[in-house]
Amino acid sequence: MYDNAIGIFDSGLGGLTAVKELVKVLPHENIIYFGDTARVPYGNRSKKTIVRYAEQDADFLLSKGVKMIIAACGTVSSVAVNLKDQLPVPFTGVVAPTALAASNATKNGRVGVIGTSATVNSGSYKNELLRLNKSISVFQQDCPLFVSLVENSFISPDDDIVKLTVERYLQGLKEQQIDTLILGCTHFPIIAKAISNYLGPEVTLIDSGRETALYAASLLEKNKLLNRSTDQGCCRYYVSDTVEDFRRTAEIFLGKTVGNEVSHINLEHAFVH
Ligand code: DGL
């Protein structure tokens with residue numbers, strides 16, 4: 001069981017920001033990643049659809065014998081809130097660890113939250129922040145186009161399209177004088193530089209991928225599931241759309257190339273509920 005992989009999934013490539021951090025925090029762990037690239041984005045779909053997709057994603061990872069599941073997706077973590085209760089292995093989403101980091105980071109008690117429309121409409125981060133500290137003022141903004149920008153490699157902080165989209169979405173939060181901003185979608189750390197350039201250095205950005213990786217490490221330890229091997233762990237990737245597209249874009253998220261470690265899987269046929 002100890003050397004079984006940690007299973008991580010996302011609607012697409014965003015969860016790779018959590019994989020990158022997880023490899024840093026837990027270098028000896030094996031990781032199986034599933035990116036539902038054929039059905040991304042999840043963030044503008046109905047609750048019923050998001051729940052069904054999340055269940056299929058988790059079933060696929062369980063079929064690979066994973067010892068833990070991480071929903072490295074703000075949308076799934078916010079909407080498929082009962083998934084945890086259906087799983088035979090420890091589970092974490094991104095909302096609780098990220099909100100905790102933000103509530104610890106804010107000095108002026110003014111926290112912004114950005115995510116997909118489904119995430120923002122669910123109020124998940126806001127509710128968790130207020131549960132932790134009811135004096136925090138929370139300002140939310142959905143930024144659905146950020147996901148498309150990232151999935152299509154529009155990520156340079158100097159790109160006019162990126163700069164304009166960031167300004168359009170974040171102007172209101174800037175006016176609210178937030179000092180902390182939750183990047184509530186795992187795609188968003190990829191354009192963190194553009195976001196930070198616009199908001200200024202006085203605003204601390206909280207990366208949901210990083211915070212979740214740190215929390216997952218503590219959860220594994222608590223459940224006595226840490227890998228006892230001291231070898232470097234390996235990562236395998238599965239995607240529901242083409243492997244070639246994944247390889248091309250994954251490099252941006254992981255900071256390294258991905259070769260034969262990625263395979264295609266058709267979830268609609270394999271795990272229909
Ligand atoms: N990375 C996902 C999230 O954190 C996704 C975006 C989407 O599928 O809309 O919300």
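Ligands are counted one by one from 1 in listed order, and the atoms in each one are counted from 1 as well. Worth knowing before you read on, the calculation uses all heavy atoms, side chains too, and leaves out hydrogens, waters and symmetry mates.
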Exercise. Is the side chain of Tyr238 donor-acceptor paired with the backbone N or O of Tyr33 at a distance under 3.5 Å, no angle test?
Worked result: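 No; judged by distance alone, with no hydrogens or angles, the pair does not exist.
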Nitrogen or oxygen of [X] less than 3.5 angstrom from that of ligand 1:
X: Asn44; answer: no
X: Gly184; answer: no
X: Gly43; answer: yes

Provide the number and element of each atom of ligand 1 under 4.0 Å from a heavy atom of [X].
X: Gly74; answer: 3 (C), 4 (O), 10 (O)
X: Tyr42; answer: 7 (C), 8 (O), 9 (O)
X: Asp10; answer: 1 (N), 2 (C)
X: Cys185; answer: 1 (N), 2 (C), 3 (C), 4 (O), 5 (C), 6 (C), 10 (O)
X: Val147; answer: 6 (C)
X: Ser11; answer: 2 (C), 5 (C), 6 (C), 7 (C), 8 (O)

Exercise. Does some non-hydrogen atom of Gly115 fall short of 4.0 Å from ligand 1?
Worked result: no
Seminar exercise, completed: If you scan protein heavy atoms around atom 10 (O) of ligand 1, the nearest is Thr75 OG1, 2.7 Å
For this session: Please check if Tyr53 and Phe34 belong to a single hydrophobic cluster, counting links between Ile, Leu, Val, Met, Phe, Trp and Tyr side chain heavy atoms closer than 4.5 Å.
Result: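 Cluster IDs for Tyr53 and Phe34 match.
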Exercise. Does Thr186 approach ligand 1 within less than 4.0 angstrom via side chain, backbone, both or neither, non-hydrogen atoms only?
Worked result: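 For Thr186, backbone and side-chain atoms both sit under 4.0 Å from ligand 1.
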For this session: For residues Asp36 and Tyr42, determine if any side-chain heavy atom of one lies less than 4.5 Å from a side-chain heavy atom of the other.
Result: yes
Problem set entry | Sub-4.5 Å side-chain heavy-atom contact between Ile155 and Val162 | no
Problem set entry | side-chain hydrogen bond (donor to acceptor under 3.5 Å, both in side chains) pairs, two or more places apart, involving residues 169-194 |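 Listed once each, the pairs are Thr106-Asp179, Arg110-Gln176, Glu151-His187, Lys193-Asn197.
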Exercise. How far apart are the C-alpha atoms of Glu261 and Arg247, what are their side-chain angles, what is the distance that settles it, and do they pass the salt bridge (charged side-chain N to carboxylate O under 4.0 Å, His left out) test?
Worked result: CA-CA 10 Å; Glu261 315 90 283; Arg247 283 205 191 101; over 6 Å; no
Exercise. Quick one: do the Asp142 and Ser117 side chains pair a donor with an acceptor below 3.5 Å?
Worked result: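 Yes, side-chain donor-acceptor contact under 3.5 Å.
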Problem set entry | Summary of ring-ring contact (aromatic ring centres under 6.0 Å, His included) pairs that have at least one residue in residues 98-134, sequence neighbours excluded | none
